[in-house]
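These notes are about the structure you will find just below.
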Amino acid sequence: MEDIFQWCREGNALQVRVWLDDTEHDMNQGDDHGFSPLHWACKEGHLKIVEMLIRRGARINVTNMGDDTPLHLAAAHGHRPIVQLLLQNRVDVNFTNEHGNSPLHYACFWGYNTIADDLVQAGALVALANKDGDTPLDKTRGQLVQRLHEMAINQGQDLKKIQFKDQSWLGMKTRSRDATLSRHKGININELALHTLMATTPSGETWHGKWQKNDIVAKILAVRECTPRIQRDFNEEFPKLRIFSHPNILPVVGCCVSPPSLVVISQYMPWGSLYELLHGSGGRRVVVDAAAAINIAHHVACGMAYLHSLQRDRDHQLPTYYLNSKHIMIDEDMTARINMADAKFSFQERGRLYRPAWAAPEALLKPAAKRNWEAADMWSFAILLWELATRQVPFADLSPMECGMKIALEGLRITIPPGVSPHISKLIKICMNEDPGKRPSFEMILPILEKMKKQ
């Protein structure tokens, strides 16, 4: 078995890069102790590998079995350039492990003075107590005690001792190696413990359950008859959905072929879909402010740009995918991820669209072979932007059939209400150009969204 963890320990950047280039490899998986590749690279001080993993989308605040983040390990082993890089990438500087120690506790204990300075300047709290009641200042010796004390006062920190609070509930653990590393051609359906029916749609039933101690979602496809040909097509197409190599793609983990059932398995996302997050389905509604909305839009655009780059490769033609907010899942750290389990296989309901409100007019009028799929996806993204900006369901007062007919034949379009940011409004209009050839690509709008995030 390829050992990504060993390569990260050794600092073998070439092998790590080759491994990351395989779409089926999950950079956020953990080894037997929950150490991710980023954990090992930070612990051993391999800056180039850390940079590579972060650039590819490794989760910065992921925790191992002892609740250590990569920042804990970099600080404890004195790797200042890595600490500084993590601090530049929105790391949680005050996250505590199972002992209640923050990264600052370790920097102070081991006498890494410059790292301790960096952490305090980045907002590390000097009064944060661990399980034994010790603060980082209690672990500090010599002149550093006074210097950190003064820095904290200058920053306006309250020096009253902050008691330990368990943070393990935040759910930042590495993903199980069982669910991501092995290349399953098929999973025994008897290994699935499905306990809650989440949704029933024309394409099948979606269940929440367990597989090898992992929380999973199993989609049981609705097929009239599970013929040998359908089984063959399913087995050929589903591996293309195992895309672990991008942070904004939610891959298919595996499948079950157990006639009459065909089952697609993916990881369970606690926040559910973007639709649920915005519109309160299932009582999960939370406040998504303007900054969070732009962040989500940026995640989706990154994911779609990556999918389109794969689609241009003839060896990686994906099953049909329709972009809408029900097909965007929200990870535990509020990362938006495009759900590959919602792609349509070649044998599923050809030509049927059940959510036309997000579809481009030409996608409703033209056969699949004559559509510009990239341009059609950009129209759907514009509807998604509108949904994020307004918190409304597009054309909620119409049935799907009425909506599709009016969009395709009567020129029905969304209207942008007052109060929507002029930048968002302009981008929506650009992405919804009536001429598909004049719509931008996702690569073109990524710099615009990145600029919006900084405003």
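Hydrogens, waters and symmetry mates are skipped; everything else that's a heavy atom, side chains included, is used. On a predicted model such as this, the values are computed, not experimentally measured, just so you know.
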Is a side-chain N or O of [X] found less than 3.5 angstrom from the main chain of [Y], in a donor-acceptor match?
| X | Y | answer |
| --- | --- | --- |
| Glu191 | Trp211 | no |
| Arg80 | Ala74 | no |
| Asn339 | Met329 | no |
| Arg439 | Met432 | no |
| Asn248 | Ala336 | yes |
| Gln155 | Val120 | yes |
| Tyr321 | His327 | yes |
| Ser380 | Trp358 | yes |

Residue pair Gln84 / Gln88, side-chain donor-acceptor N/O under 3.5 Å: no
Mind checking side chain to side chain donor-acceptor pair (under 3.5 Å) for [X] and listing every partner two or more places apart, or none if nothing turns up?
| X | answer |
| --- | --- |
| Asn12 | none |
| His33 | none |
| Asn190 | Asn188 |
| Ser273 | none |

With rounding to the nearest 0.5 Å, note down the distance linking [atom1] in [X] to [atom2] in [Y].
| X | Y | atom1 | atom2 | answer |
| --- | --- | --- | --- | --- |
| Trp207 | Leu197 | CH2 | CG | 5.0 Å |
| His105 | Thr96 | NE2 | OG1 | 9.0 Å |
| Ile296 | Leu277 | CD1 | CG | 6.0 Å |
| Trp379 | Asn433 | CH2 | CG | 8.5 Å |
| Ile328 | Phe381 | CD1 | CZ | 9.5 Å |
| Glu51 | Asn89 | CD | CG | 10.0 Å |

[X] atom [atom1], over 12 foreign heavy atoms within 6.0 Å:
| X | atom1 | value |
| --- | --- | --- |
| Trp110 | CH2 | no |
| Lys453 | NZ | yes |
| His149 | NE2 | no |

Under the ring-ring contact (aromatic ring centres under 6.0 Å, His included) test, residues paired with His299 that sit two or more places apart: none
Quick one: side chain to side chain contact (heavy atoms under 4.5 Å, CB included) partners of [X], sequence neighbours excluded?
| X | value |
| --- | --- |
| Tyr306 | Thr23, Ile243, Ser245, His246, Ile249, Ser309, Leu310 |
| Arg232 | Arg229, Glu236 |
| Asp134 | Asn130, Asp132, Asp138, Lys139 |
| Asp21 | Arg17, Arg56 |

Thr206/Ile220 under side chain to side chain contact (heavy atoms under 4.5 Å, CB included): CA gap, chis, key distance, verdict: CA-CA 6 Å; Thr206 302; Ile220 303 173; over 6 Å; no
Return the set of residues passing salt bridge (charged side-chain N to carboxylate O under 4.0 Å, His left out) with [X] (not counting sequence neighbours), or none when no residue passes.
| X | result |
| --- | --- |
| Glu443 | Arg312 |
| Glu237 | none |
| Lys161 | none |

NZ/NE/NH1/NH2 to OD/OE distance under 4.0 Å, Glu24 and Arg242: yes
Where Val145 and Leu137 come nearest, the two heavy atoms and their spacing: O-CD2, 4.0 Å
Pair His208 + Tyr268: ring centers closer than 6.0 Å: yes
Ring centroid separation Phe35 to Trp40 under 6.0 Å: yes
Audit row: His72, Asn64, side chain to side chain contact (heavy atoms under 4.5 Å, CB included) steps and yes/no: CA-CA 11 Å; His72 280 93; Asn64 61 16; over 6 Å; no
Residue that, paired with Phe345, satisfies side-chain contact (heavy atoms from CB on, under 4.5 Å) out of Leu262, Thr320, Val223, Leu241: Leu241
